[in-house]
Amino acid sequence: MDSEMASSTFSLNHIFSWLNDVMARLSPWRARRTAILQQWAMELEETNTRLASEVAERKRVEKELRQAEAKYRSIFENAVEGIFQTTTDGRYLSVNPALARIYGYETPEDLRASLTNIGGQLYVTPARRTEFTRLLQEQNTVSGFESQVYRRDGR
């Protein structure tokens, strides 16, 4: 039995020695891998911090944009002068309530639904619409342009 134990102890010592040798050889590899993983973790943390900052900035800009849009919408809706946007082919894209009232319509929606060919339906002299669009294309802005238009009731 003693020889069996001695043989068993020898085998265990041999196995432990071999494991220590393997672990010693793996230690530098493990250290390199650990260093690489730590570097990746730092880079991920920096990226997360940068992304969090970008998200916060985007939220701030979106909030300011919503506020500016609300301000523009309020000016557009409450102006006493007619404000509008049209397509080049003569349809209204947007109309404020003042323009609808000036033209004799109940709502901007009524005006947009009724007037689908601005040059032919609205202008007393249809060539004025052509002149207006030409000036806009040439100068990117039109100022002081006056023209006679028909109201809803034909006046």
Side-chain angles (χ1 to χ4, degrees), residues 1-103 105-123 129-145 149:
M1 207 153 195
D2 283 336
S3 72
E4 245 179 65
M5 260 181 137
S7 172
S8 167
T9 303
F10 174 76
S11 293
L12 285 177
N13 284 340
H14 182 21
I15 290 170
F16 284 133
S17 174
W18 177 80
L19 281 173
N20 280 334
D21 184 44
V22 169
M23 295 302 283
R25 280 185 274 143
L26 289 177
S27 185
W29 179 82
R30 222 184 236 171
R32 281 193 308 271
R33 299 305 275 172
T34 301
I36 289 169
L37 289 173
Q38 287 173 338
Q39 179 65 31
W40 287 352
M42 276 185 8
E43 290 172 6
L44 282 174
E45 188 174 330
E46 290 170 4
T47 299
N48 284 341
T49 300
R50 194 171 56 253
L51 286 174
S53 176
E54 288 176 15
V55 166
E57 175 66 9
R58 178 170 285 196
K59 285 182 178 180
R60 183 190 66 74
V61 168
E62 287 173 353
K63 180 181 177 185
E64 288 177 3
L65 182 60
R66 282 190 303 275
Q67 289 171 337
E69 186 177 344
K71 188 176 183 178
Y72 165 79
R73 177 63 44 201
S74 177
I75 292 168
F76 182 79
E77 294 292 327
N78 296 305
V80 294
E81 293 183 348
I83 302 172
F84 62 91
Q85 290 178 309
T86 65
T87 62
T88 54
D89 65 346
R91 288 178 292 115
Y92 279 106
L93 292 172
S94 61
V95 174
N96 74 339
L99 187 70
R101 283 190 304 275
I102 291 168
Y103 289 173
Y105 290 87
E106 292 286 322
T107 66
E109 293 76 22
D110 290 342
L111 186 148
R112 280 198 318 268
S114 297
L115 296 176
T116 56
N117 177 1
I118 296 170
Q121 293 176 283
L122 185 65
Y123 283 82
R129 170 68 183 178
T130 305
E131 177 66 11
F132 177 81
T133 55
R134 184 188 63 74
L135 288 171
L136 187 59
Q137 288 174 349
E138 288 176 2
Q139 302 170 9
N140 283 337
T141 185
V142 177
S143 180
F145 185 87
V149 296

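Start at 1 with the first residue, then count along the sequence.
When atom types are taken as modelled, the side chain of Asn96 and the backbone of Ile83 share a donor-acceptor pair closer than 3.5 angstrom. With hydrogens and angles disregarded, a donor-acceptor distance shorter than 3.5 Å links the side chain of Thr47 to the backbone of Glu43. Using modelled atom types, no side-chain atom of Ser74 and backbone atom of Ala70 make a donor-acceptor pair closer than 3.5 Å. Not a single donor-acceptor pair under 3.5 Å links the side chain of Ser53 to the backbone N or O of Thr49.
In Glu64, the CD atom is crowded: over 12 heavy atoms of neighbouring residues, nucleotides or ligands sit closer than 6.0 Å. Heavy atoms of other residues, nucleotides or ligands lying less than 6.0 angstrom from CZ of Arg134 number more than 12.
Of all the heavy atoms in Ala98 and Glu81, the pair that sits closest is CB-O, 3.5 Å. Closest heavy-atom contact between Thr88 and Gln137: CG2-NE2, 4.5 Å. Heavy-atom minimum distance, Gly82 versus Ile102: N-CD1, 3.8 Å. Of all the heavy atoms in Ala100 and Leu111, the pair that sits closest is CA-CD1, 3.7 Å. Of all the heavy atoms in Pro97 and Phe76, the pair that sits closest is CD-O, 4.3 Å.
One distance of note links CG of Leu44 with CD of Gln39; it measures 10.0 Å at 0.5 Å rounding. Here Thr34 contributes atom OG1 and Gln38 contributes atom CD; the two are 6.5 Å apart, rounded to the nearest 0.5 Å. Rounding to the nearest 0.5 Å places OG1 of Thr133 at 9.5 Å from CD of Glu138. Here Tyr123 contributes atom OH and Asn117 contributes atom CG; the two are 11.5 Å apart, rounded to the nearest 0.5 Å.
Of the charged side-chain nitrogens involved, at least one lies within less than 4.0 Å of a carboxylate oxygen, so that Arg91 and Asp89 count as a salt-bridged pair. Looking at Arg50 and Glu46, no side-chain N of the basic residue comes within less than 4.0 Å of a carboxylate O on the acidic one, giving no salt bridge. Between Arg73 and Glu69 there is no salt bridge, since none of the side-chain N atoms of the basic residue sits less than 4.0 Å from a carboxylate O of the acidic one. Under 4.0 Å is where a charged nitrogen must lie from a carboxylate oxygen, and between Glu62 and Lys59 no such pair does.
Contact check for Leu93 versus Thr87: side-chain heavy atoms found under the 4.5 Å cut-off. Under the 4.5 Å side-chain criterion, counting only non-hydrogen atoms from C-beta, Glu131 is in contact with Phe145. Side-chain contact between Gln121 and Thr116 is present, with at least one heavy-atom pair separated by less than 4.5 Å.
Ring geometry for Tyr92 versus Phe84: interplanar angle over 60°, hence perpendicular rather than tilted (30 to 60°).
Between the side chains of Thr86 and Arg129, at least one donor N or O sits under 3.5 Å from an acceptor N or O.
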### Task
Evaluate the criterion side-chain contact (heavy atoms from CB on, under 4.5 Å) for residue pair Tyr105 and Leu115; output intermediate values, then yes/no.
CA-CA 11 Å; Tyr105 290 87; Leu115 296 176; 3.8 Å; yes
